[in-house]
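One structure is given below, encoded as structure tokens.
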Amino acid sequence: MDHHAHHMGMDHGDMDHGHGGHGDMGGGNQHKCSMNMLFTWDTKDLCIVYRWWHVDSTLSLVISLLAIVAFVAGYEALREGIRRFEISSNKRAETVPRQNKVEVTRRAHLLKSILYGVQNFYAFLIMLIFMTYNGWVMIAVSVGAALGYFLFGGSTTATKDTACH
């Protein structure tokens, strides 16, 4: 039997991509995480990014959604902080004596590069949260982005420069 052809027509959307019981070694009460590849509202066996972030009750769902809103709003606060740092470091570079300008500019660029990396890591973590494909989680990410923009984005336009960060 050609197994490849057999699997071609199968829908793997509800497939559990967890460890399937491997590695339970004496721990029979470990929860399993489902990894949906299709949009769903189901929260049964929902794990958000990490195995330990397991939603197992209505209360843990609500707490998780609130945490996601706060986390994503925090991303907007970080972006605003980086924008302010960039403006102040550019102003500082204009006021230093010319002989010190290269060193001050180099240090500022190094720090901006580190902040850029942190911002991208944060953005990709948000993307992974969104990619649970769970409708409740997706709404929480969007609400967090809107709340963060409302609280911290007063000096920026509402359009995004890039799709994922």
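Bear in mind that the values here come from a model prediction, so they are computed numbers and not experimental data.
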Is a side-chain donor or acceptor of [X] paired with a backbone partner of [Y] at a separation under 3.5 angstrom?
X	Y	answer
Tyr122	Phe71	yes
Trp136	Thr43	no
Asn134	Asp42	yes
Thr132	Leu128	no
Asn100	Val96	no

| note | All heavy atoms of Phe130 vs all of Ser142, minimum pair found to be CE1-OG, 4.5 Å
| remark: Note: Phe152 and Glu76 closest approach over all heavy atoms is CB-O, 3.9 Å
[atom1]/[X] to [atom2]/[Y] distance, rounded to the nearest 0.5 angstrom?
X	Y	atom1	atom2	result
Thr105	Arg92	OG1	CZ	10.5 Å
Arg79	Tyr149	CZ	OH	9.5 Å
Ser89	His109	OG	NE2	11.0 Å
Lys32	Lys44	NZ	NZ	5.5 Å

same_hphob_cluster([X], [Y]) at 4.5 Å side-chain heavy-atom cutoff:
X	Y	answer
Leu147	Ile129	yes
Ile114	Ile87	no
Leu110	Val102	no
Ile139	Leu46	yes

Can you check whether [X] reaches [Y] side chain to side chain, under 4.5 Å on heavy atoms?
X	Y	answer
Lys112	Asn90	yes
Ile126	Tyr75	yes
Gln119	Leu78	yes

Which pairs of donor and acceptor atoms, one on a side chain in residues 59-69, lie under 3.5 Å apart (sequence neighbours left out)?
unit_1	atom_1	unit_2	atom_2	d
Ser60	OG	Asp56	N	3.0
Ser60	OG	Asp56	OD1	3.3
Ser60	OG	Ser57	N	3.0
Ser60	OG	Ser57	O	3.0
Ser60	OG	Ser57	OG	3.4
Ser64	OG	Trp53	NE1	2.8
Ser64	OG	Ser60	O	2.7

| If you measure from the Lys or Arg side-chain nitrogens to the Asp or Glu carboxylate oxygens, is any gap between Arg83 and Glu80 under 4.0 Å? | yes
| Aromatic plane relationship, Tyr50 with Trp52 - under 30° parallel, 30 to 60° tilted, over 60° perpendicular | parallel
| CZ (Phe85) with more than 12 external heavy atoms under 6.0 Å | yes
| Check against salt bridge (charged side-chain N to carboxylate O under 4.0 Å, His left out), Lys91 and Glu94 | CA-CA 5 Å; Lys91 285 181 182 175; Glu94 291 172 4; over 6 Å; no
